[in-house]
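See structure below.
Every value quoted in this text rests on a predicted model; they were computed, and no experiment measured them.
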Amino acid sequence: MEITPDSIILWEYGFIKLNATIVFTWLVMTLLSVGSWLVTRRLSTGITVSRWQSLLETIVQAVCNEIRGVAQQSPQSYLPFMGTLFILIATSNLLSIVPGFQPPTASLSTTAALALCVFFAVPIFGISSQGVVNYFKTYLEPTPILLPFNIVGEFSRTLALAVRLFGNIMSGTMIVAVLLVIIPFFFPIVMQVLGLLTGMIQAYIFAVLSMVYIASATAAHEKPQSEHKEESS
């Protein structure tokens, strides 16, 4: 039994190896790219819209509502990054029901890459909101003595994001595989459904935690602006 799709080598030439993680990641990206092109090529602003456009608008609205609820800010600047993050993880987890498909999120290399995207997105959004000096001042709060702990905290939460997603998806895949050997029909189907539910929950948790980290980097700038508006009114 393969613990991670990284260990499944599909093609090898010399030192070049093509494992299941890379192949299925490309597959997910291709499906999402082609799917988004098909859905958005004939968008309509009229009363009658296609079912796929309705689904897309529902997803976008749901993501916007979550961003607004978590960050208490306008979701427009965060929507492309957070929407892509959530849809990529959710699609990878949902496709695990396809026989032979190995979810890329069951690979630590994939979850680490996603966590690194969040790691770099936090200062990017923070600097764009507060400026370089004001953003890096937050590492000295509430006292400069905590600077090393704040830096360690940045790395530790990135590691936690990667390991949490990897552990949950990988363990769910292994449990279903074991049950398919022991009880070959009904019970694994139930576990597969539960695995899909877990996969969606993990995609949601990853996206929400990422938004919390980004919001914490921009909140210090947004709060004074809101207070200033209240005073002026």
Side-chain angles (χ1 to χ4, degrees), residues 5 20-107 110-111 113-118 121 124-125 161-162 164-166 168-170 172-173 176 188-215 218:
T21 300
I22 297 175
V23 171
F24 289 116
T25 300
W26 288 347
L27 177 61
V28 172
M29 291 190 298
T30 302
L31 288 174
L32 291 177
S33 299
V34 174
S36 62
W37 176 75
L38 291 174
V39 173
T40 58
R41 63 176 177 165
R42 293 180 181 176
L43 292 179
S44 173
T45 57
I47 299 177
T48 304
V49 297
S50 66
R51 288 177 295 178
W52 291 108
Q53 182 176 339
S54 297
L55 176 61
L56 178 62
E57 291 177 354
T58 301
I59 294 174
V60 171
Q61 188 60 46
V63 174
C64 287
N65 290 339
E66 286 296 330
I67 293 174
R68 190 178 291 107
V70 172
Q72 299 298 311
Q73 302 173 29
S74 173
Q76 299 306 318
S77 58
Y78 308 113
L79 178 61
F81 177 72
M82 298 308 306
T84 301
L85 198 65
F86 172 75
I87 292 175
L88 176 64
I89 297 174
T91 303
S92 298
N93 295 344
L94 283 174
L95 288 177
S96 62
I97 63 173
V98 178
F101 183 86
Q102 298 290 330
T105 45
S107 165
T110 299
T111 58
L114 294 173
L116 282 175
C117 290
V118 177
I124 289 174
F125 282 109
L161 271 178
R164 180 186 292 108
L165 181 59
F166 161 71
N168 282 281
I169 303 304
M170 182 269 294
T173 303
V176 172
I189 296 177
V190 177
M191 291 302 300
Q192 192 79 7
V193 173
L194 292 176
L196 288 178
L197 179 60
T198 301
M200 293 302 296
I201 292 174
Q202 290 305 316
Y204 173 79
I205 292 175
F206 192 99
V208 167
L209 287 177
S210 301
M211 192 61 242
V212 169
Y213 299 153
I214 293 172
T218 60

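- Remark: I87 engages L32, I59, T91 in a side-chain contact (heavy atoms from CB on, under 4.5 Å) (not counting sequence neighbours).
- One distance of note links OG1 of T218 with CZ of F125; it measures 9.0 Å at 0.5 Å rounding.
- The nearest pair of heavy atoms linking A106 to P5 is O-CD, 3.7 Å.
- Every residue meeting the side-chain contact (heavy atoms from CB on, under 4.5 Å) condition with L56, not counting sequence neighbours, appears here in chain and number order: V39, T40, V60.
- With sequence neighbours excluded, the residues forming a side-chain contact (heavy atoms from CB on, under 4.5 Å) with A203 are F86, I89, A90, N93, listed by chain and number.
- Here the closest non-hydrogen pair linking S44 and V49 is O-CG1, 3.7 Å.
- Remark: Y78 OH to E66 CD distance equals 15.5 Å, nearest 0.5 Å.
- In this structure, R41 and L38 approach most closely via the heavy-atom pair CG-O, 3.4 Å.
- By the 4.5 Å heavy-atom criterion applied to side chains, L27 and L95 are not counted as neighbours.
- By the ring pair (Phe, Tyr, Trp, His ring centres under 6.0 Å) test, F206 pairs with no residue at all, sequence neighbours left out.
- In this structure, I124 CD1 and F81 CZ are separated by 8.5 Å, a value rounded to the nearest 0.5 Å.
- Looking at heavy atoms from C-beta onward, I67 lies out of side-chain contact with Q73 at the 4.5 angstrom threshold.
- Summarising the geometry, atom CE belonging to M211 is positioned 11.5 Å from atom CZ belonging to R68; distances are rounded to the nearest 0.5 Å.
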Test log, rule side chain to side chain contact (heavy atoms under 4.5 Å, CB included), inputs Q202 and T105: CA-CA 10 Å; Q202 290 305 316; T105 45; over 6 Å; no

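- Taken to the nearest 0.5 Å, the CG atom of L79 stands 9.5 Å off from the OG atom of S74.
- Annotation: side chain of Q53 is in contact with side chain of L43 (closest heavy-atom distance under 4.5 Å).
- Every residue two or more places apart in sequence or in another chain was checked for a side-chain contact (heavy atoms from CB on, under 4.5 Å) with T84, and none qualifies.
- From S50, atom OG reaches atom CD of E57 across 8.5 Å, with rounding to the nearest 0.5 Å.
- For F101, the ring pair (Phe, Tyr, Trp, His ring centres under 6.0 Å) partners two or more places apart in sequence, or in a different chain, are F24.
- Checked by atom type and distance alone, the side chain of T111 never pairs as donor or acceptor with a backbone atom of L165 at under 3.5 Å.
- Side-chain contact check for S210 versus L85: some heavy-atom pair is nearer than 4.5 Å.
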